[in-house]
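Read through the structure below, which is laid out as structure tokens, and then see the notes.
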Amino acid sequence: MSPRDPSSVQPQADAEAPSSAPPRKKRRAIATQPVERIQRSLFGEILDWMLAPLLLLWPMSIAITYLIAQSIANQPFDRALEDSVTVLAQQVSEVNGKVVARLPVSARDLLRADDIDNIYYKVSGPAGEYVEGDVDMSQPPPDDDRSTVGTVQFRNDILHGSDVRIAYVQVDLRRSAAQRAASREPRLATVQVGETLEKRAQLANEIIKGVILPQFIILPVALALVWFALSRGLSPLSELQQRIRARRPDDLSPIDSGQVPEEISPLVRSLNDMLARLSQTIAIQKRFIADAAHQMKTPLAGMRMQSELALRQDDQVDVRRSLEQLAKSSETATRLVNQLLSLARAENQQSQAGGMAPVELSELARTVVQDWVPMSFTQRIDLGFEQPGHPILINGNPIMLREMLSNLLDNALHYTPHDGNGRVTVRARTEEGGGLAILEVEDNGPGIAPAERAHVFERFYRILGTPTTGSGLGLAIVREIAQQHDALVEIANNPRSNDPRQPGCLFRVSFRLMPRTPFIDDIG
């Protein structure tokens with residue numbers, strides 16, 4: 001026994017099975033655990049993708065609005081502070097080397113007249129000494145840039161535990177030209193006016209309320225409109241679902257894609273393609289069942305009749321004759337069933353269009369011819385094969401191609417004379433000019449009349465005057481497999497036959513050659 005024979009290594013595998021079985025069972029149990037799938041709603045998913053960014057952007061919008069409101073609220077109050085510090089700076093002067101602020105009493109009362117915010121001011125001398133105002137107000141940071149003298153600047157600070165906004169300006173005490181000529185270095189006094197931020201906060205809050213409150217009204221309305229729009233937009237899906245549910249179970253007609261939106265059309269076209277394939281599959285199954293039921297009646301009835309006849313016979317010779325007829329009927333029924341199954345397999349393979357691979361046609365034909373050599377010896381027919389000197393590569397299904405050639409050989413051996421003069425030849429060749437691979441089966445039998453050649457590929461068709469032992473399915477199987485491979489089947493007289501009474505028959509199947517590539521050359 002060959003060491004590559006699977007049966008030769010089976011005992012060893014069985015011996016090792018106890019030690020390796022538990023892990024294998026565990027892996028299989030893990031692999032077969034069902035994966036839980038969560039069904040998602042298209043409506044809910046679209047709503048999530050729309051509302052989640054909206055709810056995320058809403059607090060960001062509030063924060064941005066608050067910052068903008070504060071900026072807007074600061075502008076009028078900063079201008080008021082700027083006016084106050086400018087007026088106060090105009091009252092600051094130097095008298096006998098001493099800084100004084102000649103601020104009228106009415107002006108002092110005006111600075112203190114605010115009912116909401118606290119107003120503070122302070123005047124400092126060149127050395128930072130206190131001149132007048134709130135002594136607790138801190139000095140502004142030093143500024144070496146002389147260009148800022150006389151320019152009002154702002155800063156934020158904390159005074160008496162409250163946030164304040166302070167406007168300050170540096171005033172050059174050298175007012176006259178004589179004073180400037182006497183001293184090159186400027187003598188700068190600092191004037192500050194500050195106020196708390198209550199009014200600013202109130203104005204900012206009013207602005208925010210004016211902006212945010214309408215959003216509380218608009219947001220629910222927007223959500224309702226989004227909900228309504230999604231419901232209306234997805235209503236064609238519900239209508240399509242209702243139309244599909246209303247169909248009869250046997251209604252496989254295409255769905256009208258003109259009544260659905262453009263976005264759903266690809267889905268509807270895919271469903272129509274699936275319905276077409278399903279309809280084709282069901283039609284093939286119905287046709288197979290009908291053909292099988294119709295064609296099996298005759299051999300089964302014959303077998304029943306022969307068996308009943310054999311039971312009624314007393315003569316052993318008659319019993320033997322009935323049993324021989326019964327054996328022939330069972331052989332015919334077996335052949336019919338096998339060919340029906342082959343035809344169904346070929347049609348199913350055509351509907352699936354799968355299993356295609358590079359096939360070396362001449363080598364495949366040689367192995368099929370070898371399988372039929374014993375049958376040719378039994379029927380006293382010379383069966384030959386002409387193999388080319390180079391590989392012939394096509395794209396095909398090896399199992400279906402073997403079935404096709406077997407039916408052609410069966411047909412040729414069946415109709416070729418069994419008198420020792422019958423010849424059947426299988427030939428594989430190429431036509432390089434046309435890029436074709438040719439498979440030919442020729443015989444020297446009675447041939448097929450030109451008027452019958454278009455009908456012999458029909459199911460259960462038999463030419464008048466031919467033996468009735470055939471099932472009439474062989475050439476139908478050949479046609480189905482050829483169509484599966486986009487091949488052309490032609491019938492002609494045998495050009496090598498010299499007997500007019502026996503013109504013979506030549507079946508030629510033409511395939512497309514595969515293009516030559518390094519990978520294909522390696523296969524060849």
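In this text, all values refer to a predicted model and were calculated from it rather than measured experimentally.
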Less than 3.5 Å apart, any donor N or O on the side chain of Glu458 or His455 sitting next to an acceptor on the other? yes
Evaluate Asp256 against Arg243 for salt bridge (Lys or Arg N to Asp or Glu O under 4.0 Å), listing each step before the verdict. CA-CA 10 Å; Asp256 186 7; Arg243 294 209 310 269; over 6 Å; no
Is there a side-chain contact between Ser265 and Arg269, using heavy atoms and a 4.5 Å cut-off? yes
Check the surroundings of atom OH in Tyr66: do more than 12 heavy atoms from other residues, nucleotides or ligands lie under 6.0 Å from it? no
Can any side-chain N or O of Ser231 pair as donor or acceptor with the backbone N or O of Trp227 at less than 3.5 Å? yes
Asp499 and Ser497 side chains, donor-acceptor separation under 3.5 Å: no
Is a side-chain donor or acceptor of Asn421 paired with a backbone partner of Pro417 at a separation under 3.5 angstrom? no
Determine, step by step, whether Leu436 and Leu513 satisfy the side-chain contact (heavy atoms from CB on, under 4.5 Å) criterion, reporting the C-alpha distance in whole Å, the side-chain angles of both residues, the deciding distance to 0.1 Å, and the verdict. CA-CA 5 Å; Leu436 297 177; Leu513 280 171; 5.8 Å; no
Thr430 to His390 - nearest heavy-atom pair and separation: OG1-CE1, 3.5 Å
How close do Arg247 and Leu275 get, heavy atom to heavy atom, and via which atoms? NH1-CD1, 4.2 Å
Kindly indicate, with the supporting measurements, whether the criterion side-chain contact (heavy atoms from CB on, under 4.5 Å) is fulfilled by Ser376 and Asp382. CA-CA 7 Å; Ser376 67; Asp382 180 14; over 6 Å; no
Please round to the nearest 0.5 Å and tell me the distance separating atom CG of Asn411 and atom CD1 of Ile477. 11.0 Å
Is Val359 close to Asn395 at the side-chain level, that is, under 4.5 Å between some pair of heavy atoms? no
Contact between Leu408 and Val478 at the side-chain level, heavy atoms closer than 4.5 Å - yes or no? yes
What heavy-atom pair brings Leu409 and Val424 nearest, and what distance separates the two atoms? CD2-CG1, 4.1 Å
With rounding to the nearest 0.5 Å, note down the distance linking CD1 in Ile394 to OG in Ser362. 10.0 Å
Report the C-alpha separation of Ile207 and Ile72 in whole Å, then their side-chain angles, then the decisive distance to 0.1 Å, and conclude whether the side-chain contact (heavy atoms from CB on, under 4.5 Å) test is met. CA-CA 9 Å; Ile207 295 174; Ile72 294 174; 3.9 Å; yes
Quick check against the 3.5 Å criterion: does Ser71 have a side-chain atom that pairs as donor or acceptor with the backbone of Leu67? no
Could you state the interatomic distance from CG (Leu506) to CG (Asn444), rounded to the nearest 0.5 Å? 12.5 Å
Given side chains that start at C-beta, do those of Phe507 and Ile491 come closer than 4.5 Å, heavy atoms only? yes
Side chains of Ile438 and Val509: closer than 4.5 Å at any heavy-atom pair? no
Roughly how far apart are Met404 CE and Arg479 CZ, rounded to 0.5 Å? 14.5 Å
Quick check: closest heavy atoms across Ile448 and Arg453, and the distance to 0.1 Å? O-NE, 3.0 Å
Test item: Pro391 and Glu363 side chains (from C-beta on) under 4.5 Å apart, heavy atoms: no
Is there a side-chain contact between Glu442 and Cys505 (heavy atoms, below 4.5 Å)? no
Between Thr367 and Arg402: side-chain donor-acceptor atoms closer than 3.5 Å: yes
Please report the C-alpha distance between Arg423 and Asp443 in whole Å, then the side-chain angles of each, then the deciding distance to 0.1 Å, and finally whether the salt bridge (Lys or Arg N to Asp or Glu O under 4.0 Å) criterion is met. CA-CA 6 Å; Arg423 295 187 306 277; Asp443 60 64; over 6 Å; no
So, Ser279 side chain and Ala276 main chain: donor-acceptor pair closer than 3.5 Å or not? no
Counting only heavy atoms not in Arg512, do more than 12 fall under 6.0 Å of its CZ? no
CD (Glu440) and CD (Glu490) are apart, to the nearest 0.5 Å, by 9.5 Å
Minimum heavy-atom distance Met356-Gln484, with the two atoms named: CE-O, 3.6 Å
According to side-chain contact (heavy atoms from CB on, under 4.5 Å), who are the partners of Phe377, at least two apart in sequence or on a separate chain? Val373
Please report the closest heavy-atom contact between Ala365 and Leu405, naming both atoms and the distance. CA-CD2, 3.6 Å
Using the test side-chain hydrogen bond (donor to acceptor under 3.5 Å, both in side chains), find all partners of Arg380 that sit at least two apart in sequence or belong to another chain. none
Taking the side chain from His485 and the backbone from Phe511, do they hold a donor-acceptor pair closer than 3.5 Å? no
Spacing of CH2 belonging to Trp372 relative to OG belonging to Ser406, to within rounding of 0.5 Å: 6.0 Å
Go through Arg200 and Asn74 one step at a time and tell me if the side-chain contact (heavy atoms from CB on, under 4.5 Å) criterion holds. CA-CA 6 Å; Arg200 299 169 185 259; Asn74 280 334; 2.8 Å; yes
